[in-house]
Number of protein chains: 2
Amino acid sequence: MDANRQKRLEARARILKAVGNASRLLILEELAQGEKCVADLTQAVGNDISTVSKHLSLLKSVGLVRDEKRGNQVFYTLLAPCVLNFFDCVESVLEARVQHQIEMIG
Amino acid sequence: MDANRQKRLEARARILKAVGNASRLLILEELAQGEKCVADLTQAVGNDISTVSKHLSLLKSVGLVRDEKRGNQVFYTLLAPCVLNFFDCVESVLEARVQHQIEMIG
DNA sequence: CTCCTATTTGCAATATTGGCCAAATAGGCA
DNA sequence: TGCCTATTTGGCCAATATTGCAAATAGGAG
């Protein structure tokens with residue numbers, strides 16, 4: 001396969017991989033409501049704060065979120081709200097799967 | 001965090017995770033052009049055929065593709081073309097990142 | 001400066017993924 | 001039946017990802 005295509009696909013995969021994790025999806029959903037600090041997100045996710053911090057730094061490294069320090073807190077903001085559109089597609093896949101299972105049974 | 005929300009997020013993550021891999025992205029792009037058999041996809045991806053077969057079975061298990069055996073070949077079809085829309089969003093994230101880097105330098 | 005709070009980083013343990021090879025399976029054809 | 005081709009499955013290993021704890025860092029307040 002073409003090396004350029006490979007590079008392009010890997011760059012895309014890195015971003016999509018960042019979205020393919022339940023904790024990070026939750027973080028993105030929370031950020032969809034507006035900026036949040038790490039402590040707030042930690043509360044929502046339920047993991048150790050250090051774990052959440054690492055998820056955030058991953059999301060930041062691929063460009064999905066931005067961070068801003070104010071006082072001794074760090075606020076994270078969703079940079080690419082378009083990822084929220086993924087959910088509709090994903091839901092349709094889940095729907096279709098349920099439908100398929102019903103057909104198998106019936 | 002709510003257990004139902006957790007379940008829902010994990011179901012979504014499973015699908016998105018399936019898309020977050022360069023080889024599987026390539027497979028999805030190939031399938032966007034129409035159904036292909038495993039050998040064709042193997043040629044395009046460049047991995048061992050057993051590896052490609054596993055990628056396909058993963059994509060199938062999350063409901064993104066469908067398989068159909070005809071003769072001694074198995075043809076795979078894209079079930080959720082909406083995943084192709086992810087690419088626009090992902091490209092915009094990559095673009096924004098480049099832009100950000102330029103600002104850092106400049 | 002010292003203490004307190006918020007966050008990040010380093011480290012180690014564990015889990016998951018991606019890959020290949022070899023073996024198994026399945027269909028078609030002689 | 002036996003052979004050939006196409007695909008899947010099982011086993012295994014290396015690389016990567018996820019997590020928590022403890023230590024480090026950074027900013028604000030006294």
Side-chain angles (χ1 to χ4, degrees), chain A residues 1 3 5-7 9-28 30-31 35-62 64-78, chain B residues 1 6-7 9-31 35-78:
Chain A
M1 125 168 72
R5 191 177 187 190
Q6 176 73 17
K7 287 273 178 210
L9 289 170
E10 275 169 10
R12 288 179 173 189
R14 225 169 300 129
I15 295 170
L16 289 167
K17 198 172 299 192
V19 184
N21 172 279
S23 299
R24 289 192 294 268
L25 281 181
L26 177 49
I27 290 173
L28 292 172
E30 292 295 315
L31 292 182
E35 69 168 21
K36 298 263 168 91
C37 71
V38 182
D40 287 349
L41 294 169
T42 298
Q43 159 97 27
V45 175
N47 285 334
D48 191 271
I49 190 169
S50 72
T51 300
V52 173
S53 174
K54 277 166 193 165
H55 282 312
L56 287 165
S57 102
L58 175 62
L59 290 172
K60 182 184 163 193
S61 77
V62 300
L64 286 173
V65 305
R66 186 171 56 82
D67 64 342
E68 184 186 337
K69 185 160 221 163
R70 287 206 299 277
N72 52 0
Q73 285 174 302
V74 178
F75 291 89
Y76 280 87
T77 313
L78 185 57
Chain B
M1 125 168 73
Q6 177 72 18
K7 286 273 176 207
L9 289 170
E10 276 169 10
R12 287 179 172 187
R14 225 170 297 130
I15 295 172
L16 290 166
K17 197 174 298 190
V19 185
N21 172 277
S23 300
R24 290 193 293 268
L25 281 181
L26 177 49
I27 290 173
L28 292 172
E29 278 190 359
E30 291 294 314
L31 292 182
E35 67 166 22
K36 299 263 168 89
C37 71
V38 182
D40 287 350
L41 293 168
T42 298
Q43 159 96 29
V45 175
N47 286 335
D48 190 89
I49 189 171
S50 70
T51 300
V52 173
S53 173
K54 277 169 189 166
H55 281 314
L56 286 166
S57 101
L58 175 63
L59 289 172
K60 182 184 162 196
S61 77
V62 300
L64 286 173
V65 304
R66 187 170 56 81
D67 63 342
E68 184 185 338
K69 186 160 221 165
R70 286 204 301 277
N72 52 2
Q73 286 174 302
V74 178
F75 292 88
Y76 280 85
T77 314
L78 185 57

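So you know, we letter chains A, B, ... as the sequences are listed, proteins then strands, and number each from 1.
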*Round to a whole Å and report the spacing from CG of Asp67(A) to P of dG27(D).*
13 Å
*Checking side chain to side chain contact (heavy atoms under 4.5 Å, CB included) for the pair Leu31(B)/Lys36(B): CA distance, chi angles, key distance, verdict?*
CA-CA 6 Å; Leu31(B) 292 182; Lys36(B) 299 263 168 89; 3.9 Å; yes
*Look at the side chain of Lys54(A) and decide which nucleotide, out of dT9(C), dT7(D), dC21(C), has an atom nearest to it.*
dT9(C)
*Please state how far atom CG in Leu59(A) lies from atom P in dT18(D), giving the value in whole angstrom units.*
10 Å
*Out of dT8(C), dA6(D), dA26(D), which has the shortest distance to the side chain of Lys69(A)?*
dA26(D)
_Nearest 0.5 Å, please: how far is CG in Leu64(B) from CG in Leu16(B)?_
9.0 Å
*Give the rounded distance in Å between these two atoms: CG of Asp48(B) and P of dT9(D).*
15 Å
*Spacing between Gln6(B) atom CD and dT18(D) atom P, to the nearest angstrom*: 14 Å
_For the CD1 atom of Ile15(B) and the CG atom of Leu58(B), what is their distance to the nearest 0.5 Å?_
11.0 Å
*asked:* Working to the nearest 0.5 angstrom, can you tell me the gap between Leu56(B) CG and Leu41(B) CG?
replied: 5.5 Å
*asked:* Using whole Å, what does the distance between atom C1' of nucleotide dT5(C) and atom CD of Gln43(A) come to?
replied: 16 Å
*Separation between CZ of Arg66(B) and CG of Leu78(B), rounded to the nearest 0.5 Å*: 10.5 Å
*What's the closest nucleotide to the Ser50(A) side chain, out of dT9(D), dG20(D), dT7(C)?*
dG20(D)
*Phosphate contact (dT8(C) OP1 or OP2) by Tyr76(A) side-chain N/O below 4.0 Å*: yes
_Shortest side-chain distance from Asn72(A), nucleotide among dT8(C), dA6(C), dT8(D)_ = dA6(C)
_Closer than 3.5 angstrom, by distance alone: can the side chain of Ser53(B) be matched with the main-chain N or O of Ile49(B) as a donor-acceptor pair?_
no
*asked:* Quick check on side-chain contact (heavy atoms from CB on, under 4.5 Å): which of Leu26(A), Leu28(A), Ile27(A) does Glu30(A) satisfy it with?
replied: Leu26(A)
Each nucleotide N or O in nucleotides 16-18 of chain C that has a protein N or O under 3.5 Å away: list the pair and distance.
from, atom 1, to, atom 2, distance (Å)
dG18(C), OP1, Asn21(B), ND2, 2.7
dG18(C), OP1, Arg24(B), NH2, 3.4
dG18(C), OP2, Arg24(B), NH1, 3.0

*Write down the distance between CZ (Arg70(B)) and P (dG27(C)), rounded to a whole number of angstrom.*
15 Å
*asked:* Distance check needed: dT8(D) C1' versus Ile49(B) CD1, whole Å only.
replied: 9 Å
*Within this structure, what is the NZ-to-C1' distance between Lys36(B) and dT7(D), rounded to whole angstrom?*
18 Å
